[in-house]
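So the structure is just underneath, and the comments pick up after that.
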2 protein chains.
Amino acid sequence: MEKTVEEGELKRAGLKVTVPRLKILEILEASEPRHMSAEDVYRKLMEAEESIGLATVYRVLTQFESAGLVERHNFDDGHAVYEMASDDHHDHMVDVDTGKVVEFYDERIEALQRSIVEKHGFELVDHNMVLFVRQPSRKK
Amino acid sequence: MEKTVEEGELKRAGLKVTVPRLKILEILEASEPRHMSAEDVYRKLMEAEESIGLATVYRVLTQFESAGLVERHNFDDGHAVYEMASDDHHDHMVDVDTGKVVEFYDERIEALQRSIVEKHGFELVDHNMVLFVRQPSRKK
DNA sequence: ATGAATGCAAAAACTTTGCATGACG
DNA sequence: CGTCATGCAAAGTTTTTGCATTCAT
């Protein structure tokens, strides 16, 4: 039985290697679009004929978040979505017509955020920025 | 019966003037902190001895949002909060230790957002930015 | 009077929890 | 083997909806 990369990731995160955790990790890594709700993950599991409870999906996603493996975002619509944590931080741009999500990074904005926060006497722990956009070609 | 400012606001928004809508509008305008969940509003109504159903609070807040009277935000914790819409746009800074919310505005960030969005071929419709901050005086 | 708004209760959507069973190290 | 993870179902939260009644115009 060969050791997969995912097993290593789980061990490093201090999580016991189990079938649900492996499957969920695989799904998140292969996911397109990159942002998935607990339901989305559960649906993929069902498609893959895995019998894993929805409750477990929620538990595992929460653990992954605590372990820093995934990031949780609250866009607008009121339910959480998860994406694999990457070293490179990025923000999001959501096309309001299509729902498509574009990721981007701009160091000037990051720097401005830090400077604004410091001006108010705080230090920046984290941030969350979503730009709602649209193709300009729409009439009116 | 004298006409209040709030009555005018409701009429202008195309909403019939009713007791629940007036009371909720008053509460939002007087609110401190400025960000209130539906439950918060409902609690205030109860304190004021008004018998208005929670369902009505949700309905009215949704109508106010559609009418542009209030803005809805999803910070981190998963339930929506509302604040009176003001002409001057601003973003939010949340102290992760105390939960306190600071509002701020920085034109340089606004300009950068527009420029980034255009570089991707979109136009900016709206945005949402929350900085999670902390008092630097914490040890470790 | 007539159509819209409200209150109540029931339902829906999303997430968490309790507990007995089963799996990992 | 002891502990931790899982599945299932039940409970919690937050928000929405159906319907009879009340209210604004």
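Convention: sequence-line order gives letters A, B, ...; per-chain numbering from 1.
A donor-acceptor pair is defined here as one N or O able to donate and one able to accept, closer than 3.5 Å; such a pair exists between the side chain of Thr62(B) and the backbone of Tyr58(B). Listed for the Arg21(B) side chain is a donor-acceptor partner under 3.5 Å among the backbone atoms of Lys16(B).
A side-chain contact (heavy atoms from CB on, under 4.5 Å) with Met36(B) holds for exactly one of Ile27(B), Val70(B), Val81(B); it is Ile27(B).
Note on Ser51(B): only backbone sugar-phosphate atoms sit closer than 4.0 angstrom, heavy atoms only; bases stay farther off. Within 4.0 Å (heavy atoms only), Leu54(A) reaches at least one base atom of the nucleic acid. Using a 4.0 Å heavy-atom distance criterion, Val19(A) is classed as making no nucleic acid contact.
At dT6(D), one or more side-chain N or O atoms of Thr18(A) fall inside 4.0 Å of OP1 or OP2 (strictly under the cut-off).
Rounded to whole angstrom, the span from the CG atom of Leu25(B) across to the P atom of dA5(C) amounts to 16 Å. Here dT25(D) presents its C1' atom at 15 Å from CG of Leu10(B), a figure rounded to the nearest Å. In this structure, OH of Tyr42(A) is placed 15 Å from P of dT15(C), rounded to the nearest angstrom. Rounded to whole Å, atom P of dT15(D) lies 9 Å from atom CG of Asn74(B). Per the geometry, CZ belonging to Arg59(B) stands 8 Å off P belonging to dG7(C), to the nearest Å. Distance CZ (Arg72(B)) to P (dT15(D)): 7 Å, rounded to an integer number of Å. The CD-P distance, from Glu50(A) to dG7(D), rounds to 10 Å in whole Å. The distance from atom CD of Glu7(A) to atom P of dG25(C) is 8 Å, rounded to the nearest whole Å.
For the pair Arg43(A) and Glu50(A), the salt-bridge criterion is not met [side-chain N within less than 4.0 Å of a carboxylate O].
The side chain of Lys11(B) lies closest to dT25(D), out of dA9(D), dT25(D), dT15(D). Comparing atom distances between the Ile52(A) side chain and each of dG7(D), dT16(D), dA5(C) picks out dG7(D) as nearest.
Of the residues near DNA chain C, Thr56(B) and Lys16(B), the one whose nearest nucleotide (by heavy atom distance) lies more toward the 5' end is Lys16(B). Comparing Tyr58(A) and Leu15(B) against DNA chain C, the residue whose closest nucleotide sits nearer the 5' end is Leu15(B). Judged by closest nucleotide on DNA chain D, Tyr82(B) is the one of Tyr82(B) and Val17(B) placed further toward the 5' end.
Nearest heavy atoms, Ala85(A) versus Gly68(A): CB-O, 3.3 Å.
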